[in-house]
Structures are given as structure tokens and as C-alpha cells.
2 protein chains.
Amino acid sequence: MMSDVRIWLDRLSSLHKSQMRKAACAAGMQLVHLEILQYLSMCNRYSNTAQALGEYLGQTKGSLSQSLAFMEEAGYIERKPDPVDRRYARLFLTKEGKALLKRIDSGKILAPDFPEDDAAVEMIQRLLSDWQSHNGLKSFGQCKSCRFNKTVDGGRSQCMLTGEALSKSDVRKICREHEFSSTASAPLS
Amino acid sequence: MMSDVRIWLDRLSSLHKSQMRKAACAAGMQLVHLEILQYLSMCNRYSNTAQALGEYLGQTKGSLSQSLAFMEEAGYIERKPDPVDRRYARLFLTKEGKALLKRIDSGKILAPDFPEDDAAVEMIQRLLSDWQSHNGLKSFGQCKSCRFNKTVDGGRSQCMLTGEALSKSDVRKICREHEFSSTASAPLS
DNA sequence: TCAATATAGTTTAGATACGATACTATAAAA
DNA sequence: TTTTATAGTATCGTATCTAAACTATATTGA
């Protein structure tokens with residue numbers, strides 16, 4: 001017998017997918033394109049590559065390569081080779097891409113104003129954490145729950161993986177290298 | 001700024017989609033086909049039509065018509081014209097369809113054993129209810145939260161919309177006609 | 001009673017996502 | 001310096017998805 005949680009997760013997911021698709025369609029684009037815009041608006045500077053995007057969306061890089069080409073063509077994103085490791089193509093939203101995303105978001109097509117309910121966020125994070133670790137997937141979390149994050153004097157943050165200092169907005173972004181700290185959001189048994 | 005809940009719902013949804021796709025692929029079928037099997041295993045006898053399925057999955061009937069034809073061909077479902085209203089084609093899982101679904105579910109490919117966490121279920125239901133009513137979508141809930149459901153003597157259930165008596169297993173299924181009662185799971189403000 | 005309308009589903013065509021495979025280019029390792 | 005690993009591209013076949021036109025059945029209402 002399928003668990004009740006599963007039933008509602010399925011439903012939530014179906015709903016989310018179809019609403020996203022409608023929103024994308026209304027903006028003259030495809031579902032994946034909207035998902036890409038969303039991801040790029042949320043990810044930090046370590047995570048803006050095609051590879052990370054593929055891991056996040058659960059798609060192969062070949063598939064994404066096409067979508068990215070389309071979006072660059074359409075002027076919503078830019079691809080810039082990484083100056084240090086030239087295998088990487090860093091992805092950036094253009095002004096047009098940001099504007100489009102804002103237009104969609106502000107239209108409240110996707111979802112109503114969900115209340116900033118800490119309990120809901122924590123609940124979803126627990127489910128996610130459990131699920132992801134069960135399947136050996138990356139967690140794509142924010143710094144505050146990451147074991148590499150240290151808060152130094154005065155509440156300023158630093159990533160102990162890269163050594164870089166993190167701004168207030170950096171800390172809110174999602175990261176490909178994120179790993180839950182053992183205390184915060186431990187997986188459900 | 002996108003709300004935190006939205007970020008995690010997006011992630012949950014991406015993850016769910018890609019995991020479902022993998023599970024479907026491993027079973028030699030497509031994502032939609034698995035979703036159809038799941039739906040048919042959960043829906044009650046008022047909800048086993050292509051139309052309801054389309055509303056649940058957020059797809060057009062034309063698209064589903066093809067998928068259903070494929071699945072009937074493959075022997076996983078049956079389509080029987082409704083004896084009363086012959087416009088309807090009632091959908092049923094065949095023995096093979098049920099077996100396939102059981103094989104996938106028991107493989108724990110889709111998700112680990114989520115704990116039967118009442119708080120999580122309630123949380124997700126609240127989000128869902130809010131979202132659905134905001135977008136004028138059907139809720140596809142179970143009888144226990146439905147305003148048409150009356151429990152008569154000895155805990156037996158009856159649907160006041162159709163007048164029919166409902167068995168214990170009926171009550172756990174999801175229904176196209178479901179509407180939240182005003183008390184249970186009221187939408188968030 | 002019979003035309004108009006609504007509803008359930010099918011069919012078809014075009015766009016495109018997706019996976020698989022083979023490929024290039026760059027970087028790291030041995 | 002050869003080998004191996006990694007990031008991304010190119011190409012092809014399959015199948016989904018939407019939209020629009022269509023058939024069939026049921027309901028409405030003049």
C-alpha cells in the first residue's frame with residue numbers, strides 16, 4: 001500500500017508541473033526553459049554550469065545542451081567560458097531573462113503567496129533530505145544548513161570548502177556542493 | 001523575491017519528476033504511463049475517465065488519448081464504455097497493470113519508505129488546498145476531508161453527492177468530485 | 001420534437017523534449 | 001607525455017505535448 005505522504009507528494013508534483021507548464025506556455029516558452037531560468041536565478045556562482053543544472057533537473061547534459069542553445073539564441077541567457085578551467089561554460093541570466101522571470105513570478109501564475117511558514121519549509125526540507133540521501137543525489141541546499149558554512153565574527157559567513165567569504169545574498173542561494181551538517185535537518189530514520 | 005517554500009517545492013517537484021522518470025524507464029515505460037497507472041490505482045469509480053485523468057495530470061485529453069491507446073495496446077489497462085452514458089470510457093487496470101505497478105512500488109525506486117508522518121501529510125495538504133483553490137483546480141482529495149462525505153451509524157460512510165454507501169477502501173481513494181469541507185483543511189489565509 | 005449546445009473522446013500535424021551515442025576540448029593524473 | 005577524467009556539443013530516433021478539427025453521445029430549450 002502506498003503511503004499517504006507519497007499520494008500527496010505525487011499530487012503536489014503533478015500540480016506543480018502542470019502549473020509551471022502553463023506559466024511557461026503563457027510566456028511563449030517550454031517548461032524546461034522556465035525551470036532553467038528559475039534555477040539560474042537561485043544558484044550561486046559555484047553552480048551555474050550545464051552539469052549542475054542537469055543534476056538539479058535530473059536530465060542528461062545532451063538534452064540540456066539543446067535547451068541552453070535555444071535560450072541563448074532567444075537572448076535569455078549567456079554562456080561564458082570559465083577563465084580558469086576552460087571546460088566550464090558559466091551560465092548567466094541576461095537582463096531579458098531576469099525581466100521575463102520577474103514577469104512570470106509577479107503574475108502569481110505559479111502559486112499563491114505561500115506564507116513564510118518555517119514549519120512547512122522545514123518539513124519539506126526533511127522529506128527532501130531523506131529522499132535525496134536515499135538516492136545518492138545532491139541536496140542543492142542553502143548555506144545555512146550546509147556543513148561547510150561557518151559564521152565568523154559579527155554573523156558574517158564563510159564557505160570552508162572554497163574559503164571564500166559569503167554575502168547575505170550568497171547565503172540564500174542554492175549550491176551544488178551543499179551537504180547537510182549532521183545536526184541540522186538530519187535525515188529521518 | 002521568491003519565497004522559501006516555493007524554492008523547496010520546486011526542488012521537490014524536480015526530484016519527484018526525475019525519479020519517476022527513472023523508475024518508469026527501468027520498467028520499460030514512459031513517465032506518463034507510470035503516472036497513469038498510479039492514478040488508476042488510487043482513483044475511485046467516479047474518477048476513472050480520461051477527462052479526470054487529464055485534470056489530475058494537467059494534460060490535454062488529446063495527449064492522454066494517445067498514451068491510453070498505447071497502454072491498452074500493451075495490456076496494462078482496459079477501456080470499457082460506460083453503460084449509462086456512452087460518451088464515457090471507464091478505465092481499469094488489468095491484472096498485468098496492477099502487477100507492474102506493484103513491482104515498481106515494491107522496488108522502492110520511487111522513494112524510500114516515507115514515515116507515516118501525520119504532520120507532513122497535513123502540511124502538504126494545506127499547501128495543496130491553498131494552491132488548488134487559488135487556481136480554481138480540482139482538489140482530488142479523499143472522502144475524509146470532503147464536504148459530501150457523511151459518516152452514518154457505526155462509522156459507515158456515505159457520499160451525499162451520489163447517495164452511495166462507501167466501503168472502507170472507497171473512502172481512501174481519491175475523487176474527482178472532492179471538495180474540502182469548510183472546517184477540515186481550510187485554505188491558508 | 002428537433003435543432004442548438006455541451007461534453008467525452010479521437011485523430012492529425014507540427015514543435016520539441018529526452019536519452020543514447022559518439023564526438024571535441026580541456027584538465028588532471030600517472 | 002601518455003592516459004584518464006571531465007565539461008560540453010552534435011546528431012538521431014522515439015515519444016510527448018499542444019492545438020485544432022473531428023465524431024459521437026447527451027442535454028437543453030424553443
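Note: hydrogens, waters and symmetry copies are ignored here, and every other heavy atom, side chains too, is used.
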Task: Value in whole Å for how far the C1' atom of C/dA6 lies from OH of B/Y88 - done: 11 Å
Open item on the list: Nearest to the A/V32 side chain among C/dA27, D/dG8, C/dA17, which nucleotide is it?
Closed with: C/dA17
Open item on the list: Whole angstroms only, please: what is the CG-C1' distance between B/D82 and D/dA24?
Closed with: 15 Å
- [ ] Nearest whole angstrom, please: distance from the P of C/dG19 to the CG of B/L31.
- [x] 10 Å
- [ ] Specify the separation, in whole Å, of atom CG of B/L34 and atom C1' of C/dC18.
- [x] 17 Å
Task: Distance, nearest 0.5 Å, that separates OH of B/Y56 from CG of A/L15 - done: 9.5 Å
Open item on the list: Would you say the ring centers of B/Y76 and B/H33 fall short of 6.0 Å from each other?
Closed with: no
- [ ] Flag the pair B/E177 and B/R147 as a salt bridge only when some basic side-chain nitrogen lies within less than 4.0 angstrom of an acidic carboxylate oxygen.
- [x] no
Open item on the list: Tell me the interatomic distance from A/H33, atom NE2, to D/dC17, atom C1', rounded to whole angstroms.
Closed with: 14 Å
Task: Nucleotide of D/dT25, C/dT11, D/dC17 approaching B/S65 most closely (side-chain heavy atoms) - done: C/dT11
Task: Lys NZ or Arg CZ of A/R90 over A/Y88 ring: under 6.0 Å, within 45° - done: yes
Open item on the list: Of the listed nucleotides (D/dA7, D/dT18, C/dG9), which one gets closest to any side-chain atom of B/Q51?
Closed with: C/dG9
- [ ] State which of C/dG9, C/dA17, C/dA6 makes the closest approach to the side chain of B/R87.
- [x] C/dA6
Task: A/K95/A/E78 ion pair, N-O < 4.0 Å - done: no
Open item on the list: Is there a side-chain contact between A/Q30 and the phosphate of C/dT16, meaning an N or O under 4.0 Å from OP1 or OP2?
Closed with: no
TODO: Give the nucleotide from the list C/dA17, D/dT18, D/dT25 with an atom nearest to the side chain of A/R21.
DONE: D/dT18
Task: Upstream residue (5' side of DNA chain D) when A/A50 and B/G58 are each assigned their closest nucleotide - done: A/A50
Open item on the list: By nearest heavy atom, map A/C25 and A/R79 onto DNA chain D; which one lands nearer the 5' end?
Closed with: A/R79
TODO: Could you check A/S63 against B/A52 and say which one's nearest nucleotide on DNA chain C is further toward the 5' end?
DONE: B/A52
Task: Whole-Å distance separating the NZ atom of A/K61 from the C1' atom of D/dT11 - done: 15 Å
Open item on the list: Output the rounded distance in Å from CD (A/E35) to P (C/dT16).
Closed with: 17 Å
Open item on the list: Both A/T60 and B/A89 contact DNA chain C. Which one's nearest nucleotide lies toward the 5' end?
Closed with: B/A89
TODO: Mind calculating the distance between CD (A/Q66) and P (C/dG19) to the nearest angstrom?
DONE: 11 Å
Task: Closest listed nucleotide, where the reference is the side chain of A/R86 and the choices are C/dT26, C/dC18, D/dA7 - done: C/dT26
TODO: Could you check whether B/T49 gets within reach of a base, just the sugar-phosphate, or nothing at all, counting any heavy atom under 4.0 Å?
DONE: sugar-phosphate
